[in-house]
Trainee: 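A single structure is presented below for examination.
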Amino acid sequence: MAKLNILRYPDPRLYTVAKAVTQVDARIRQLVDDMLESMYDAEGVGLAATQVDVHERVIVMDTSELRDQPIVLINPELIARSEEMTFGDEGCLSVPAIYDRVHRHARVTARALGRDGELHEFEAEGLLSVCVQHEMDHLIGKVFVEYLSPLKRDRIRTKMLKKARDDERD
């Protein structure tokens with residue numbers, strides 16, 4: 001397995017729309033394994049392939065307390081969303097150390113292929129529901145800061161660009 005480089009906002013590659021996976025083969029399974037390693041290493045709960053500059057519809061997640069229940073979503077789609085909304089803090093591995101409140105559906109039903117290539121459906125609520133929606137946004141080239149006001153987005157962008165410059169000097 002290999003730890004992958006996670007793109008940082010406002011990298012333009014984060015706005016790339018991911019293409020469908022045509023075949024779940026050894027290459028995709030290796031990508032999944034590498035993404036899981038990278039997500040766990042960065043102490044995240046979810047990671048979309050877009051965030052590691054692979055523009056295919058692949059997501060890995062693990063919202064379990066012990067971090068031992070990985071979920072793999074290949075070509076995911078939301079097939080149901082609750083009318084009830086939730087409003088909570090979100091963060092993102094591509095926007096480290098930044099958290100802000102975002103509206104999301106309280107419950108969703110998703111359908112996707114697993115690491116084995118088999119189709120499955122599941123219902124999600126709470127953190128898992130938020131994570132599914134957040135990571136699926138990445139697949140359509142959307143970062144959570146886009147839900148925030150233009151002023152907040154500009155401040156975050158400025159902060160992230162400054163941090164990138166400071167990191168280059170170190």
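As a basis for the values below, the full set of heavy atoms in this structure was taken, side chains included, without hydrogen atoms, waters or symmetry mates.
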Trainee: Got E56 and R27 here, is their nearest side-chain heavy-atom distance under 4.5 Å?
Mentor: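 Yes, at least one pair of side-chain atoms sits under 4.5 Å.
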Trainee: Are S82 and V108 packed together at the side-chain level, in the sense that at least one heavy-atom pair is separated by less than 4.5 angstrom?
Mentor: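 Heavy-atom side-chain distance check fails, nothing below 4.5 Å.
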Trainee: Would you call K3-D34 a salt bridge at under 4.0 Å N-O?
Mentor: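 Answer for the salt bridge query: no.
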Trainee: Look at E77 together with R111 and state whether they make a salt bridge at an N to O cut-off of under 4.0 Å.
Mentor: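 A salt bridge links E77 with R111.
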Trainee: Rounded at 0.5 Å granularity, tell me how far CG in L14 sits from NZ in K142.
Mentor: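 If I round to the nearest 0.5 Å, the distance is 14.5 Å.
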Trainee: Is the OH atom of Y99 crowded by more than 12 outside heavy atoms at less than 6.0 Å?
Mentor: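 Counting neighbours around OH of Y99, 12 or fewer heavy atoms of other residues, nucleotides or ligands fall under 6.0 Å, so no.
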Trainee: Set out, in order, the CA-CA distance, both residues' side-chain angles and the distance that settles salt bridge (Lys or Arg N to Asp or Glu O under 4.0 Å) for D166 and R169, then state yes or no.
Mentor: CA-CA 5 Å; D166 291 348; R169 278 185 245 158; 3.5 Å; yes
Trainee: Give the C-alpha distance, both sets of side-chain angles, the deciding distance and a yes or no for side-chain contact (heavy atoms from CB on, under 4.5 Å) between I156 and L148.
Mentor: CA-CA 10 Å; I156 292 168; L148 308 177; 3.7 Å; yes
Trainee: Under a 4.0 Å N-O cut-off, is there an ion pair linking R29 with D33?
Mentor: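 D33 and R29: not salt-bridged.
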Trainee: What residue among Q133, H138, R104 forms side-chain contact (heavy atoms from CB on, under 4.5 Å) with F144?
Mentor: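 Among Q133, H138, R104, the one that satisfies the side-chain contact (heavy atoms from CB on, under 4.5 Å) with F144 is R104.
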Trainee: Evaluate the criterion side-chain contact (heavy atoms from CB on, under 4.5 Å) for residue pair V58 and L31; output intermediate values, then yes/no.
Mentor: CA-CA 9 Å; V58 178; L31 172 63; 4.2 Å; yes
Trainee: Is there a donor-acceptor pair under 3.5 Å between the side chain of T16 and the backbone N or O of R13?
Mentor: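 Looks like yes, one N/O pair under 3.5 Å.
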Trainee: Would you compute the distance between atom CG of L113 and atom CG of L119 and round it to the nearest 0.5 angstrom?
Mentor: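 Atom-to-atom, L113:CG and L119:CG are 5.5 Å apart.
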Trainee: Under the side-chain contact (heavy atoms from CB on, under 4.5 Å) rule, what do D62 and V45 come out as? Steps first, then yes or no, please.
Mentor: CA-CA 5 Å; D62 188 343; V45 295; over 6 Å; no
Trainee: Could you tell me the separation between the NE2 atom of H134 and the CG atom of L47, rounded to the nearest 0.5 Å?
Mentor: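 It comes to 9.5 Å.
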Trainee: List the steps, then state whether side-chain contact (heavy atoms from CB on, under 4.5 Å) holds for K152 with S149.
Mentor: CA-CA 5 Å; K152 282 186 177 182; S149 71; 3.5 Å; yes
Trainee: Between S38 and N5, is there a side-chain heavy-atom distance shorter than 4.5 Å?
Mentor: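 The answer is no, as the side chains (C-beta and beyond) never meet within the 4.5 Å cut-off.
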Trainee: From D53 CG over to D11 CG, what is the distance, rounded to the nearest 0.5 angstrom?
Mentor: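 Between D53 CG and D11 CG, I get 7.0 Å after rounding to 0.5 Å.
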Trainee: Under a 4.5 Å cut-off applied to non-hydrogen side-chain atoms, are P10 and L161 in contact?
Mentor: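 In contact.
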Trainee: Between K163 and E168, is there a side-chain N and carboxylate O pair less than 4.0 Å apart?
Mentor: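 Salt bridge flag = no for E168 with K163.
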Trainee: Starting at OG1 of T109, measure out to CD of E121 and round the result to the nearest 0.5 Å.
Mentor: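 Going from OG1 on T109 over to CD on E121, the span is 7.0 Å.
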Trainee: Can you check whether F87 reaches M85 side chain to side chain, under 4.5 Å on heavy atoms?
Mentor: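 Side-chain contact under 4.5 Å: no.
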Trainee: Are V17 and H55 packed together at the side-chain level, in the sense that at least one heavy-atom pair is separated by less than 4.5 angstrom?
Mentor: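 A side-chain contact is absent here, since even the closest heavy-atom pair is not under 4.5 Å.
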Trainee: Check the side chains of D100 and Y147 for a donor-acceptor pair under 3.5 angstrom, ignoring hydrogens and angles.
Mentor: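 Per modelled atom types, Y147 and D100 side chains form no pair under 3.5 Å.
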Trainee: So which of E125, E84, E123, E83 actually passes salt bridge (Lys or Arg N to Asp or Glu O under 4.0 Å) with R107?
Mentor: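 Checked E125, E84, E123, E83 against R107; only one passes salt bridge (Lys or Arg N to Asp or Glu O under 4.0 Å): E84.
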Trainee: Distance check, rounded to the nearest 0.5 Å: I98 atom CD1 versus Y9 atom OH?
Mentor: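 Result: 10.0 Å between the selected atoms.
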Trainee: Side-chain contact test, heavy atoms from C-beta onward, threshold under 4.5 Å: evaluate it for R57 versus I74 and give yes or no.
Mentor: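 No - every pair of side-chain heavy atoms lies 4.5 Å or more apart.
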Trainee: Is Q51 close to L93 at the side-chain level, that is, under 4.5 Å between some pair of heavy atoms?
Mentor: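 Of all side-chain heavy-atom pairs linking Q51 with L93, at least one is under 4.5 Å.
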Trainee: Would one find more than 12 heavy atoms of other residues, nucleotides or ligands at under 6.0 Å from atom CZ of R155?
Mentor: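 No, the 6.0 Å shell around CZ holds no more than 12 heavy atoms from other groups.
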